[in-house]
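Read the structure below first, then the notes.
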Amino acid sequence: MTIFTKIVNGEIPCNKVLENDEFLAFHDINPKAPIHILIIPKKEYKCFQEVDSQIMCKMTDFIKEVATHLGLDKTGYRLITNNGENGGQEVMHLHFHLLGGAKLKWDHQSDSNSKEFF
Ligand code: 5GP
């Protein structure tokens with residue numbers, strides 16, 4: 001069972017933003033922006049690569065609903081999913097990071113200098 005399933009089950013508390021029968025949005029415990037929300041399907045899918053496109057259709061609508069709920073539809077936001085080891089995924093339960101509340105920089109140093117990789 002993933003830590004996010006424990007949050008879904010109420011075994012671990014979260015600062016909830018929105019939920020419906022299939023999806024849950026809550027604040028990240030270690031925010032990287034003034035607004036940093038995690039959006040998950042309640043059912044465990046390991047990662048983006050493994051989720052069915054029909055689930056993603058519904059998840060897309062839910063993500064937009066969360067963004068609108070927070071006013072980020074007007075100001076803009078960044079949406080990220082880390083997929084697998086090289087993507088930096090730590091929790092193996094599909095989730096999207098919804099980041100906003102400020103003009104964000106692309107501050108991932110190692111990603112900004114691709115020469116480091118070659
Ligand atoms: P990943 O690196 O897998 O894309 O992101 C996992 C995210 O989950 C991290 O941003 C981390 O701060 C967040 N996180 C890990 N454990 C918890 C928790 O128990 N509660 C909340 N709200 N966020 C968590």
Side-chain angles (χ1 to χ4, degrees):
M1 186 190 293
T2 67
I3 196 162
F4 290 169
T5 295
K6 289 184 180 173
I7 287 174
V8 169
N9 293 342
E11 294 167 44
I12 295 176
C14 75
N15 188 358
K16 186 170 77 178
V17 176
L18 269 184
E19 74 176 319
N20 65 20
D21 286 348
E22 291 182 275
F23 305 104
L24 173 67
F26 54 96
H27 290 268
D28 195 294
I29 204 167
N30 183 21
K32 302 284 195 300
I35 298 173
H36 185 170
I37 311 299
L38 297 174
I39 303 173
I40 66 169
K42 291 184 175 178
K43 189 172 170 193
E44 274 184 30
Y45 301 94
K46 194 174 160 201
C47 60
F48 180 73
Q49 191 64 28
E50 295 195 3
V51 72
D52 191 281
S53 57
Q54 287 169 334
I55 305 294
M56 272 313 304
C57 277
K58 290 189 271 184
M59 194 163 182
T60 298
D61 286 341
F62 184 71
I63 291 168
K64 289 183 189 176
E65 191 184 335
V66 174
T68 301
H69 178 77
L70 296 170
L72 298 177
D73 57 324
K74 296 191 177 65
T75 53
Y77 57 85
R78 183 171 296 157
L79 188 65
I80 294 173
T81 189
N82 297 323
N83 191 97
E85 192 182 345
N86 279 1
Q89 186 178 4
E90 288 175 1
V91 179
M92 293 300 157
H93 182 143
L94 172 67
H95 54 282
F96 282 81
H97 298 257
L98 178 66
L99 300 149
K103 195 157 177 78
L104 302 174
K105 295 179 195 152
W106 191 261
D107 62 358
H108 210 293
Q109 279 305 104
S110 60
D111 289 349
S112 63
N113 184 2
S114 59
K115 285 182 187 145
E116 286 176 13
F117 297 123
F118 303 105

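The residues of the chain are indexed from 1 along the displayed sequence. Whatever order the structure lists them in is the order used to number ligands and atoms, beginning at 1. Only a predicted model underlies this, so the values are computations on that prediction, with no experimental measurement involved.
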More than 12 heavy atoms from other groups under 6.0 Å of CD on Q54 | no
When you measure from [atom] to every protein heavy atom, which one gives the shortest distance, and what is it?
atom	value
atom 12 (O) of ligand 1	D28 OD1, 2.5 Å
atom 22 (N) of ligand 1	H27 O, 2.9 Å
atom 2 (O) of ligand 1	G88 O, 3.2 Å
atom 16 (N) of ligand 1	I3 CD1, 4.1 Å

Heavy-atom contacts with F26 under 4.0 Å: which atoms of ligand 1 show up? List them by number with element.
-> 21 (C), 22 (N)
Heavy-atom contacts with H97 under 4.0 Å: which atoms of ligand 1 show up? List them by number with element.
-> 1 (P), 4 (O), 5 (O), 7 (C), 10 (O)
May I ask you to identify, for [X], whether its side chain, its backbone, both or neither come under 4.0 Å of ligand 1 on a heavy-atom basis?
X	result
I80	neither
F4	side chain
H95	side chain

Nearest atoms (heavy-atom pairs only) where V66 meets I37 = CG1-CG2, 4.3 Å
With respect to atom 18 (C) of ligand 1, which of N83, I12, I40, I7 exhibits the smallest heavy-atom separation?
-> I7
If hydrogens are left out, which of I29, T2, N15 has an atom nearest to atom 21 (C) of ligand 1, that is, the closest non-hydrogen atom?
-> I29
Give a yes/no on ligand 1: does K6 have at least one heavy atom closer than 4.0 angstrom to it?
-> no
Below the 3.5 angstrom mark, is there an N/O of [X], backbone or side chain, next to an N/O of ligand 1?
X	answer
E90	yes
H36	no
N82	yes

Parallel, tilted or perpendicular, as decided by the 30° and 60° cut-offs, for the rings of H36 and H97 = tilted
